[in-house]
Enquirer: 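So that we are looking at the same thing, I have put the structure below in structure tokens.
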Amino acid sequence: MRIVTWNINSVRLRIELVAKMAKKLKPDIICLQETKCPNDSFPTKSINKMGYEHVAINGIKGYHGVATLSKIPFTKTNIIDYCGQKDGRHIETILDYGGAPLSLHNFYVPAGGDEPDRKINEKFGHKLDFLNEMKRRLTKSKQKTSVQRILVGDLNIAPYEHDVWSHKQLLKVVSHTPQEVELLEQVRKSHNWVDVARAFVPFEEKLYSWWSYRSKDWDASNRGRRLDHIWVTPALEPQLKSYKIMREARGWERPSDHVPVVLDLV
DNA sequence: ATGGTTGTGGAACAA
């Protein structure tokens with residue numbers, strides 16, 4: 001089974017890029033973030049034509065928004081509002097995998113603004129609150145150990161030294177500050193989640209899934225960050241087959257600033 | 001330290 005996560009930065013503007021990726025990678029499930037599309041305007045028909053009959057969406061007008069597209073039917077869909085805000089940052093779908101339920105969480109964590117200090121930047125406070133709520137909720141569901149779980153999405157944090165182009169220069173830049181990194185690690189450890197990227201690629205190796213629009217030549221300067229993640233619970237570790245970041249998609253016409261991240265399970 | 005770009009929606013805000 002192949003799962004792709006991708007911050008598409010407007011699903012309507014880039015529906016052709018979704019089709020292009022789907023044609024090349026043929027994933028069974030696609031998790032999108034930043035769809036920037038209200039539910040009643042979601043391009044469900046186009047998605048169906050690509051072979052994804054099952055569509056779960058949590059969108060709002062203008063900003064944020066997540067969607068999970070699947071060839072495999074969902075047995076259940078859950079939407080949780082974090083920080084008491086209906087801002088389209090989470091959707092959980094449950095499906096059958098290997099004769100047992102598989103819970104798939106699709107997240108879009110707040111970016112957190114520019115200043116890494118909640119006293120002067122409430123967006124950063126929101127990001128920290130969101131992560132704390134993730135930790136609380138994911139820990140709460142820990143009892144049901146029989147359920148296989150995958151968590152994907154744009155978590156807007158690059159946790160490790162080689163998840164950014166310059167650890168030293170980004171220590172005070174939101175997405176790589178010690179406070180966020182520590183909190184994300186707490187979230188990950190709360191459920192013994194396995195960071196799939198680092199299960200396949202050594203920690204010393206640079207790994208990015210996002211390159212800013214603001215650089216002259218993203219490819220040459222290569223100042224990226226690994227903001228997009230795939231985590232699995234230990235129950236799924238034996239099923240891990242391969243992991244890949246589709247870097248080429250950053251060079252497509254009118255690209256998203258994020259690229260697809262791919263997991264293959266046996 | 002600053003400025004650099006893109007999206008939505010038609011100004012200002014989010015990233």
Side-chain angles (χ1 to χ4, degrees), chain A residues 5-21 31-43 46 57-67 81-90 106-118 120-131 152-159 163-166 168-177 179-181 183-184 208-229 247 249-261:
Chain A
T5 180
W6 192 10
N7 178 321
I8 192 65
N9 189 16
S10 174
V11 67
R12 283 175 291 182
L13 186 67
R14 293 190 231 280
I15 191 70
E16 289 309 317
L17 294 191
V18 176
K20 184 174 180 173
M21 181 280 291
C31 295
L32 299 175
Q33 302 86 33
E34 278 209 269
T35 52
K36 296 187 174 176
C37 179
N39 291 341
D40 57 13
S41 308
F42 196 83
S46 307
I57 50 180
N58 179 16
I60 59 160
K61 186 178 155 77
Y63 309 108
H64 321 317
V66 293
D81 293 323
Y82 281 74
C83 304
Q85 294 178 34
K86 289 199 190 310
D87 57 358
R89 296 184 181 274
H90 171 268
N106 180 359
F107 273 106
Y108 177 53
V109 173
D114 287 333
E115 202 58 52
D117 179 353
R118 73 182 309 155
I120 54 174
N121 170 20
E122 65 180 34
K123 286 185 205 161
F124 191 70
H126 178 214
K127 186 177 196 175
L128 300 177
D129 292 344
F130 192 100
L131 289 161
V152 307
D154 176 4
L155 305 185
N156 265 315
I157 296 172
D163 292 338
V164 293
W165 64 276
S166 168
K168 211 176 159 186
Q169 290 183 73
L170 287 169
L171 273 171
K172 289 178 180 173
V173 174
V174 172
S175 74
H176 194 63
T177 65
Q179 194 180 8
E180 297 161 80
V181 167
L183 197 42
L184 187 69
Y208 314 135
S209 65
W210 173 89
W211 293 261
S212 172
Y213 283 129
R214 299 180 194 181
S215 64
K216 282 245 190 313
D217 187 341
W218 73 273
D219 193 11
S221 61
N222 199 27
R223 294 182 168 190
R225 304 176 202 171
R226 186 169 70 98
L227 303 179
D228 303 276
H229 298 264
R247 191 182 191 273
R250 187 61 178 80
W252 289 353
E253 203 179 325
R254 284 199 91 177
S256 168
D257 44 357
H258 297 252
V259 298
V261 181

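The structure presented is a predicted model; accordingly, all values stated were derived computationally and were not measured. We name chains A, B, ... by the order of the sequence lines, and we start the count at 1 in each one.
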Enquirer: Classify the nucleic acid contact of Arg89(A) as base, sugar-phosphate or nothing, counting any heavy atom under 4.0 Å across all strands shown.
Expert: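 Here Arg89(A) touches the backbone only, sparing every base.
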Enquirer: Could you list the residues that satisfy side-chain hydrogen bond (donor to acceptor under 3.5 Å, both in side chains) with Arg247(A), not counting sequence neighbours?
Expert: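 With sequence neighbours excluded, Arg247(A) shows a side-chain hydrogen bond (donor to acceptor under 3.5 Å, both in side chains) to Asp219(A), Asn222(A), given in chain and number order.
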Enquirer: What is the distance, rounded to the nearest whole Å, between atom CD of Glu122(A) and atom P of dA15(B)?
Expert: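 Whole-Å distance recorded here is 12 Å.
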Enquirer: Applying ring pair (Phe, Tyr, Trp, His ring centres under 6.0 Å), name anything that partners His90(A), two or more places apart in sequence or on another chain.
Expert: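 So His90(A) forms a ring pair (Phe, Tyr, Trp, His ring centres under 6.0 Å) with Tyr82(A), His105(A), Phe107(A).
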Enquirer: Could you state the atom-to-atom distance from NE2 of His64(A) to P of dC13(B) in whole Å?
Expert: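 So the NE2-P distance, His64(A) to dC13(B), works out to 14 Å.
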Enquirer: If the C1' atom of dG4(B) is compared with that of dA15(B), how far apart are they to the nearest Å?
Expert: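 Result for the C1' pair: 14 Å, nearest Å.
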Enquirer: Just how far, in rounded Å, is P of dA14(B) from CD1 of Ile60(A)?
Expert: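 These atoms are roughly 11 Å apart.
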Enquirer: Which residues satisfy the side-chain hydrogen bond (donor to acceptor under 3.5 Å, both in side chains) test with Lys86(A), sequence neighbours excluded?
Expert: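 For Lys86(A), the residues satisfying side-chain hydrogen bond (donor to acceptor under 3.5 Å, both in side chains) (neighbours in sequence not counted) are Asp81(A).
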Enquirer: Using side-chain hydrogen bond (donor to acceptor under 3.5 Å, both in side chains) as the criterion, list what pairs up with Ser215(A), not counting sequence neighbours.
Expert: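 If we apply the side-chain hydrogen bond (donor to acceptor under 3.5 Å, both in side chains) test to Ser215(A), skipping adjacent residues, there are no hits.
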Enquirer: Determine the interatomic distance between P on dG9(B) and the same-named atom on dT5(B); round to the nearest Å.
Expert: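 It works out to 23 Å between them.
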Enquirer: Can you tell me how far P of dA14(B) sits from CG of Asn156(A), to the nearest Å?
Expert: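 One finds 14 Å between P of dA14(B) and CG of Asn156(A), rounded.
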Enquirer: Mind calculating the distance between CG (Asn121(A)) and C1' (dC13(B)) to the nearest angstrom?
Expert: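 Going from Asn121(A) (CG) to dC13(B) (C1'), I get 14 Å.
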Enquirer: Over how many whole Å does the gap from Asp87(A) atom CG to dA14(B) atom P extend?
Expert: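 Spelled out: CG on Asp87(A) to P on dA14(B) is 12 Å.
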Enquirer: With sequence neighbours left out, write down each residue that passes side-chain hydrogen bond (donor to acceptor under 3.5 Å, both in side chains) with Arg250(A), or none if nothing qualifies.
Expert: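 By the side-chain hydrogen bond (donor to acceptor under 3.5 Å, both in side chains) rule, Arg250(A) matches no residue at all.
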Enquirer: Tell me, for nucleotides 1-9 of chain B in 5' to 3' order, what letter each nucleotide earns: B for a base near a protein heavy atom under 4.0 Å, S for only sugar-phosphate near one, - for neither?
Expert: ---BBSSSS
Enquirer: Considering only the P atoms, how many Å lie between dG10(B) and dA14(B), rounded to the nearest integer?
Expert: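 These two P atoms come out 15 Å apart once rounded.
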Enquirer: Report yes if some heavy atom in the side chain of Arg225(A) is under 4.5 Å from a heavy atom in the side chain of His176(A); otherwise report no.
Expert: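 No, side chains not in contact.
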